[in-house]
Each structure stands twice: as structure tokens, then as C-alpha cells.
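Chain A is the first sequence line, chain B the second, and so forth, proteins listed ahead of strands; every chain is numbered from 1.
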Amino acid sequence: MTSERVQLPAQYSPGEVESRRYEAWVAAGYFTPDPANPAPAFTIVIPPPNVTGSLHIGHALDHTLIDALVRRRRMQGYKALWLPGMDHAGIATQNVVERELARDGLSRHDLGREAFVERVWQWKTESGGRILGQMRRLGDSVDWTRERFTMDAGLSRAVQTIFKRLYDDGLIYRAQRIINWCPRCLTALSDIEVDHTDDEGELVSIRYGDGDDQIVVATTRVETMLGDTAVAVHPDDPRYAHLVGREIELPLTGRQIPVVADPHVDPEFGTGAVKVTPAHDPNDFEIGRRHGLPSVVIMDERGVITAPGPFQGLDRFEARPAVLAALRAERRVVSERRPYLHAVGHCSRCGTTVEPRLSLQWFVKVAPLAKAAGDAVRDGRVRIYPQEMAARYFDWVDDMHDWCISRQLWWGHRIPVWYGPGGQVVCLGPDDEPPAGDGWERDADVLDTWFSSALWPFSTLGWPEDTADLRTFYPTSVLVTGYDILFFWVARMMMFGLYAMAPAGPEGSVPFRQVALHGLVRDQFGKKMSKTRGNTVDPLDWIDRFGADATRFTLARGATPGGDVAVSEEWVAGARNFCNKLWNAARFALLNGAVAGRPLPSDSELATADRWILSRLAEVTAEVDELYEQFEFAKICDVLYHFAWDEFCDWYLELAKPVLTNVPSSTGPAGQDEAAAQATRCVLGEALDRLLRLLHPVLPFVTEELWIAVTGGESVVMARWPGEVAEGVCGLPRLAVDTGAEAEITSLMRLVTEVRRFRSDQGLRPGQQVPAVLAGIGETRLARHEARIRSLLRLTEPGDRFVPTGSVQAEGVVVELDTAAGLDVEAERKRLTKDLATARADIEAAERKLASSSFVERAPAQIVAKNRERLAAAQGEVRRLTERLAALPSGPS
RNA sequence: GGGCGCAUAGCUCAGUGGUAGAGCACUCGCCUUACAAGCGAGGGGUCACUGGUUCGAACCCAGUUGCGCCCA
């Protein structure tokens, strides 16, 4: 018996536990693995949150899942590393600081580049990284000693190193291309930084040329006609065959432009003729290249018309109606459709309509890198969960455009290229000195934020240096992230990881071995969360009100692989209730002298209920292990929730009560009762100990508090996982599955439930003691359980004046009860009638099947036998119920 | 326009050939000495529609309708 009994209050208060526990974990160094530890490594790098960000519910989901994986591996004996850090988030951060400056009426140009960047660093130190503090509230078991930032010295070195290598390998080049341009942020964007929406616009058909040499083109961007340098038609289109090769007049400009034939023109769309503006449309740029057309730039970087003439100086959206009006005046507008819904690209950072712009930018030549990235998944070196998502991944990597990596910003990794006075171009590695002499200038642009993010799995471990961390923790084990950044981040880490770490070989160069994708967090109606909709959830608010564990459980419980997670306040309250249930189960165990960590008595000394709960625990443990391997978090939570609540609390604890409180059983001397109580205290302690360990990865705080109270151990964080453990690590003794005990307890549950139903239907209060006889129980497998059954059902031994007024039959036992007030005949009739209907429906269903000769002949024997049994059982029930109904006193009629 | 996915209880979702499940919500009865953030009992679904395969279909196939996502 435990000497020091811990007194727990009746309710769990997360606020009193969480921060205390978290800081103790960090101080103890639990989250800091030693590379020299011979155990296998398990590594997850955090998807680095933007330095501008704060913890939102999506992070909370991602972090909960990662933390659960890492905590389980740690308990399994792996040297588990969850590496934290942040992303400098180029545009987003620059925008924040520029907005701050704007409040003082300043722009970044007023400060100049150096001072501005200094100012951003200052901001980063002061208010950036709020999210890292918030992660502590959630309980993230990250190794703070290894925290990294995408702009720190080590990562800058990694960026410059890989840039130089790619450059030297011809995989980075500079070229004049049409890129996505944000006229507000004044920078180039990559394809995936552009969000497409269907916007209302107009489709205008304009007549170019005159007389026989006229052709009608349709456009949603009338103003760009100022930069047209051709009209294109399909080579096989008979309508325009006579015009191909000739020149027609471009209205408003007086320029003559050729009609060219290009197979990419869709003859079915519109008139089958398209205007070609090589400087302002990516498709037209390609047409222009194929036909050697000139590019006429008509707009500046802010979207203002520069083409000489009446429209010069107008914004692109002002120019549109102005040009249209001018064309209309010349009677060149053939038709106008308005509104016309069409896809329009927007800057993913600020929402401004993106302008395709011809400019000189740096690109990564992705073809060979993307091929390798695709192959790593194709040949199974990297596995994507759920597998269906791999299709999207392949679609992307197998058809990727070259990646525009230069950004016209100041905040970011500056491109390490110098231009000499004689037109020299020199790319420098991190240890190279800039070229000496006058006239050398460094490229003004910085790199896309995602360029440094792509290096995250190895740059954070010390690459390009050959560090112990890199050797130990790379490749990382699992990459956990939302499917929404599969392209932004996952694909690019694959490309750069395989390239940079190539010397490690095909297996050793992958950035991660598994990719576990989750979805978005949605509201209780499955709607996307958004500030405008007003349905967002602040995880810190939930943590304050319901606890970190409840918040985590709510998220994990909804997380099916790749699936979105719907949450609501009612559900987090339910999760909070679950934590409280655990709390009280532990409280009960402690009040009743549960002992943990002792060798279990032999099977013969254990009660059936004890063997049953241990058996179920063995099964649940195996199940949870299997589900973890598949990232089935929702199922893990579900299995543990029902085991803990339904089986452990509702049945096992109730079954243990009479034993623990030494209610004399009907058989055996008192000494036996005490021995039985001791055995049950052992099992109770052991089961609770293991259950808390199993739940710890998802519910770190409440399990820590309770586990320490129950076991007296140091911390469940480092306690051994009850299931599978790492190779070479000593696990807990394996529990046996006991099918006999399970069958007995299942039978007991059915009998008890049936009698409870009778009691409830009869209006007997739950606490009311009812004298009863359990006739025939001696001949069933429940023979030894009479005392516990009586305890659960509050049935007392029949006294001298026992008069059975009602009876319930189940599991071969006839329970005769003396309901003091006599039987409620109508209630009983109703109950029996309902049961009779169920039994008859059963008969019908079984008979229908068995009557079909093809079923009997072709269905597996096992299924046929099952239906025969069902039929027989139902027939017996019908007979029994019919008799019982007939025996009831006739109603008042 | 191309591709992918989804449609099961009031809501959110599990359920890949053999008697339809969970959480929350709902109804009834209970402060039964761990827990009212609780206990016990209960109601509720022609599994979107149409056809096919099969002894047997929520599940496999085809089509229809509606919704969502990704890409252009």
C-alpha cells in the first residue's frame, strides 16, 4: 500500500499545472537529444512559422500532431529531436515594417537599404517570434537549444553555398522573362505566390485592320493593345488563311503588325484570332519568341502606362476604359460582354492584381531537380501520407516551370552575384572576397523566402559543415505539414535536399522519409475560418479556458490523414471533460491505494476483471502503435478515449469498487478478500500507469501531473512507451491477451445492461436497492461474478418477504426482482413488445437469406451458419417474449 | 477548360462485400460515497439519385445531380 497518498482536488485545473510543468521539462533537458546517444534518431523540423506570425489554430493543429509523434518516439527510446525556428518571411515582414514606417510618414527609401534592414532586424528582435513563446503554452517539446532562423549566420552560409553550387552547375541563371509582378509590393513573384480568383471583368471584341484585311480579336485587357505586336491565328484556320503573313493596322497607334500562324491558338475560342502582347502576357511572350516578334513595354513597375500618347501616365485600370472609349470612337468595338467572369491573378501577400511583366530575373532551372524530387517519391524513398496526395505532388513536380527566385526587396538573402565594370558576372561563395577594384556592384535583389526554407531540413543541422547533428539527425524522419504548402515547401525541400545532400547517397540524401499531410482547421459547420467571416478560433483563448490538453485533443481527434478538421467550442469542452475524467479516475485510484510499478500477481491471483482490463490494454496498445505508424491521429484519440472512458472508468473501476472497499463477497474468508484487493490495487495502478503513458503524447500536461502522482516517478515525458520501442531499448513487459476473461466480462456487461434497461423502464431510481435472485447463474460463465453483478446493479440478497414481481432474462440468467411497488405492467408490456418486434425482424431477415438457395450454396459456410444461429436465437426470443407477454396481467383496457 | 475528391443521424465525421457507428446536440430518470465537466436508459439514418456486377452493395463499376479543392 502506498504510504504517501496524494490528495487531488475534484476538478482538474490546467492553468495551475501547465506552465509549471513545461518549464520543468525544459529545465530538465528532456527535449535536447545528445547526438552521441547510441539509440536511433528521430527528427522533425518545424515548418518554420513566419517571424511576423502568431499562433493560430492551424499551427496548433500542426504542432499537436508533430508533438505527439515526437513525444511517443522519445518514450520509445529514440533520441528525438524537434527542431524549432522561424522564417524571415521576406515580403510579409518587409510589409509590416514598411507599414510601421508609413505611420511616421516614411518609406524605406527615406532610410536607405542598410538602415532599413537594420530596422527590420530590430523589429525581429523586439516583436518577432511571439509565436515561439506561444508554442510553450501548447506544450511543444521542441529543443530550444537548437532554435534557428532562416536569416541567421549559419543559414545565410547555407544559402550562399547552395546558390553558388547551383550557379556553377548551370542550374541558376538570369534571364529576361515574363514574370508575375506585384505593382504594389514592386517585386517579382513566383507562380505559386499568385492566387487566382474568378473576377468580374469584361470581354471586348475589337476589329483590327480594315476592309479585306480586318480581323476581330477578343480581350479582357483592352489597354494592353497598345503593346500588341501581332495577331495570331491557328495555322489550319481557313477563315484567316489569306491574312497570315500580311500586316494589318493596329488601331490608335498607327503601327502595322503582322498576322502570324501559331498552333497554340485555339480556333474554337472567340473569333479564333488573338492579339499578341509579348511584353505583358506569358502566353503571348511565348508566341512572340516563336515568331521573333518585338516586345513593346507599355507599363512601368507601378502599372502606369508609359506608351507615348494620350494614355501615358494613366494607371492600368484607368487606361482600360479610356482605351475602350477611344476604340469605340473609332467604331472598332464589335461587341462587349460585361460582366465577364474570368480568372485573375492576385498577389498572395497583398491581394493586388498581378501584372505579367517582362523583366530580368534570376531563375532556378528546375527540370533535373524536379525529376529527382519526383523519383524519390516514385521509388519509395519518401512516402507521402495519405497516398492520394502523391498524385498532386507528381502533377506539380512533373510539370514545373522554372522558379523565379529574385525579389526586388531589401529584406532577405541578397543574391551573391557581383557585376563588373566590363560586364563581368561573378557568383561568390560564402568564403570568397568580393572582387576588388572600382565599378563592381552587387546584385540588388534578394532571394525568394522559400529559397532558404527549402534548405531548412539540413541547413538547420549545420550544413554545409559536416556536423555531428547533420550526420545524426539527417535525413529527418517525418515532415508534418498542411497540404496547402505541398508545392511551396515540400517539393522544394525535396529538390534542394536531394541536390545538396547528394553525397549521402540515394537513401541518405532525402530531406525526410515520410510526409504526413494534414488539412485545414474549419469551424463547426465545416466552413473555412476567416477573419471576415468572424469564425476564427484563437488557440490561446482555448488554452486559457479549456487547457492546452483539451485544445490539443480536440484538434488531434479530428485529424484524419490529409483531412480538414472541424472544431467548435462544444467539442473542446468535451475534450476538457475527458481530461477531467482522467483526473478523477486517477483520484479514485489514489484514494483506493492503487500501486504502480510492482510486478503483477500471477494470473491465478487476479480476478477476471483484472485480467480483462489488462488484456484490453494489450490490444489497445497494439492498436495505437499501428495507428501511429499510419498517422491516424483521429483514430488514436478515438481508441484511447473509448478505452479510458467506457472500459476503464465505466466498467473496470465500477467492477473494482466492491473488491477495493472490501465488501465481503458471498464466498471465501476475509483474508482472501484482502489478497484480492491487493491484486486489484496492483492492476489498477499498472493499468492507469500505462494508460497515462499512452495518452501522454496527445495530452502531455494532465498525464504528467497524474502519472507522477500515481507512480511517484520523475516524469512521464521520459517514461517508457508501453508498446513498441526502438531497437536495442528495453520496453515494458508485454501484457497478455486473455480471450477467456474478455468473453466473461462481455457477458457480464450484457447482463448488467439488460437489467439496467429493465430498471430504467420500470422507473426504479439508480440508487434504489432491489432484492433479487439470479436464478441459474451458477450454470453460466458468470457464476463467479454474482457479487460484482449485484454491486453494479444494486441488487440485494432476497429477504424473507421476497416476492418476485419482475424478471429479466439474459446470458442464460433469469434475474427475478422484487420491485417494492409492484410491476409497472404497461412499461413492461411496452418493453417486451419492442423486444418482440426486434426479434421478429431478426427472424425475417435471417429467413429471407436462408430461403434463397443461391445464398446457401454460394455464401461462405461461416456466413450461412451465422444466419442459422441468428434465426434460432431470434426464434427462441420470440417464444420467450410471447409467453412473458401472455403471462402479464391484462391491462386496464 | 484540365485534374482530384466528397455526398452516411440535427451538426461534424468514421466506416474499402455479410444485421449502419462515434463525438456533440436531443428525450427520460438520477447529486448511486472518483467525477453533475458526472451516472444510467432511450429516440433518431430507404448511407444523394439511376442503373449494373454479386448469393449479398454505404462499400465495387457506369452514368446523373449537387458541393469542395488544386491547376490553367
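At a threshold of 4.0 angstrom between heavy atoms, the contacts of Lys528(A) with the nucleic acid are absent. Tyr12(A) comes within 4.0 angstrom of a base, heavy atoms only. Using a 4.0 Å heavy-atom cutoff across all strands shown, Ser568(A) reaches no nucleic acid atom at all. Among the atoms of the strands shown, base atoms are found under 4.0 Å from some heavy atom of Ala859(A). Contacts of Ala634(A) with the nucleic acid, taken as non-hydrogen atoms under 4.0 Å apart, are absent. Residue Cys579(A) is classed as having no contact, given no heavy-atom separation below 4.0 Å to the nucleic acid. Base engagement by Ala585(A) is indicated by at least one non-hydrogen atom pair under 4.0 Å involving a base atom. As judged by a 4.0 angstrom heavy-atom cut-off over every strand, Gln862(A) is placed among residues making no nucleic acid contact. Here Asn867(A) lies out of heavy-atom contact (under 4.0 Å) with every strand.
Contact annotation: Lys581(A) reaches the phosphate of rC39(B) (side-chain N/O to OP1 or OP2, under 4.0 Å). Phosphate contact (OP1/OP2 of rG38(B), side-chain N/O of Trp583(A), threshold under 4.0 Å): absent. The shortest distance between the side-chain N/O atoms of Lys635(A) and the OP1/OP2 oxygens of rG15(B) is below 4.0 Å. The phosphate of rA34(B) has OP1 or OP2 within less than 4.0 Å of a side-chain N or O from Lys657(A). Residue Arg858(A) places at least one side-chain N or O under 4.0 Å from the OP1 or OP2 atom of rC55(B).
The partner of rC60(B), taking Watson-Crick or G-U wobble pairs whose two distances both stay under 3.5 Å, is rG52(B). The pairing partner recorded for rG29(B) is rC39(B), the criterion being a Watson-Crick or G-U wobble arrangement whose two distances lie under 3.5 angstrom. With both pairing distances under 3.5 Å, rC69(B) is matched to rG3(B) as a Watson-Crick or G-U wobble pair. Pair assignment for rU12(B) gives rA22(B), based on Watson-Crick or G-U wobble hydrogen-bonding distances that are each under 3.5 Å.
Of all heavy-atom pairs spanning Val265(A) and Ala232(A), the tightest one is CG2-CB, 3.7 Å.
When each of rU12(B), rA34(B), rC55(B) is scored by its nearest atom to the side-chain atoms of Ala566(A), the top-ranked nucleotide is rU12(B). Which of rG23(B), rC55(B), rU12(B) sits closest to the side chain of Phe525(A) comes down to rU12(B). Closest contact between the side chain of Asn577(A) and the listed nucleotides rA34(B), rG38(B), rG18(B) involves rG38(B). You'll find that the side chain of Arg392(A) is closest to rC70(B), out of rG23(B), rC70(B), rA34(B). Out of rG43(B), rG23(B), rA34(B), the shortest distance to the side chain of Lys834(A) is found at rG43(B). Closest to the Arg587(A) side chain, of the nucleotides rA72(B), rA34(B), rU19(B), is rA34(B). Distance from the side chain of Trp571(A) is smallest to rC11(B) among rC55(B), rA22(B), rC11(B). Here rA34(B) is the nucleotide among rA34(B), rU19(B), rA41(B) with the atom lying nearest to any side-chain atom of Cys649(A).
Near-neighbour residues of RNA chain B inside residues 754-764 of chain A, defined by a heavy atom below 4.0 Å, number-ordered: Arg756(A), Arg757(A), Ser760(A).
Side-chain contact of Tyr652(A) with Asp610(A): a donor-acceptor pair under 3.5 Å is present, judged by distance alone. Under the 3.5 Å distance criterion, with hydrogens and angles disregarded, a donor-acceptor pair is assigned to the side chains of Trp707(A) and Asp689(A).
Under a 4.0 Å N-O distance rule, the pair Glu626(A)/Lys635(A) does not qualify as a salt bridge. Under 4.0 Å is where a charged nitrogen must lie from a carboxylate oxygen, and between Glu569(A) and Arg545(A) at least one such pair does. Using a 4.0 Å cut-off between charged side-chain N and carboxylate O, Glu826(A) and Lys830(A) make no salt bridge.
rU8(B) and rA48(B) have their P atoms separated by 6 Å, given to the nearest Å. The same atom, P, is picked in rA41(B) and in rU50(B); the two are 38 Å apart, to the nearest Å. The gap from the C1' atom of rG17(B) to that of rC60(B) amounts to 8 Å, rounded to the nearest Å. Between rA34(B) and rG15(B), the distance separating the two P atoms is 38 Å to the nearest Å. On the P atoms, rC35(B) is 24 Å away from rC26(B), given to the nearest whole Å. Atom P of rA25(B) sits at a distance of 13 Å from the matching atom of rC39(B), rounded to the whole Å. Straight-line distance between the P atoms of rC59(B) and rU19(B): roughly 15 Å, to the nearest whole Å. One P atom belongs to rG5(B), the other to rG43(B), and the distance between them is 38 Å to the nearest Å.
rC39(B) atom P lies 10 Å from atom CG of Asn580(A), rounded to whole Å. Rounding to whole angstrom units, CZ of residue Phe631(A) and C1' of rA14(B) are separated by 20 Å. Whole-Å rounding puts the Asp564(A) CG to rC67(B) C1' distance at 14 Å. With rounding to whole Å, Met389(A) atom CE is found 11 Å from rC6(B) atom P. Taking atom CG on Asp281(A) and atom C1' on rA72(B), their separation rounds to 12 Å, with Å as the unit. We find that CG of Asp398(A) is positioned 14 Å from C1' of rC71(B), with the value rounded to whole Å. Across the protein-nucleic acid pair, Asn584(A) atom CG and rC31(B) atom C1' stand 14 Å apart, rounded to whole Å. As a whole-Å value, the separation of Leu591(A) CG from rC35(B) P is 9 Å.
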Next on the checklist: If you apply the rule side-chain contact (heavy atoms from CB on, under 4.5 Å), what do you find for Val815(A) with Leu793(A), and how did you get there?
Outcome noted: CA-CA 11 Å; Val815(A) 182; Leu793(A) 288 167; 5.9 Å; no
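Between Trp651(A) and Lys849(A), the residue anchored nearer the 5' end of RNA chain B, judged by the nucleotide with its closest heavy atom, is Lys849(A). Each of Ala10(A) and Thr560(A) was matched to the nucleotide of RNA chain B holding its nearest heavy atom; the match closer to the 5' end belongs to Thr560(A).
Side-chain N/O atoms of Glu654(A) and base N/O atoms of rA34(B) include a donor-acceptor pair closer than 3.5 Å.
Residue pairs meeting the salt bridge (charged side-chain N to carboxylate O under 4.0 Å, His left out) criterion with at least one member in residues 390-401 of chain A, sequence neighbours excluded, are Arg378(A)-Asp398(A). A side-chain hydrogen bond (donor to acceptor under 3.5 Å, both in side chains) check over residues 555-564 of chain A, counting only residues at least two apart or in different chains, returns the pairs Tyr483(A)-Asp564(A), Arg522(A)-Asp564(A).
Cys649(A) contributes atom SG, which lies 6.5 Å from atom CG of Leu582(A) (distance to the nearest 0.5 angstrom).
Figure legend: Arg552(A) and Trp571(A) shown without cation-pi pairing, the cationic atom not lying both under 6.0 angstrom from the six-membered ring centre and within 45 degrees of its axis.
Atom CD of Glu16(A) has 12 or fewer neighbouring heavy atoms from other residues, nucleotides or ligands inside a 6.0 Å radius.
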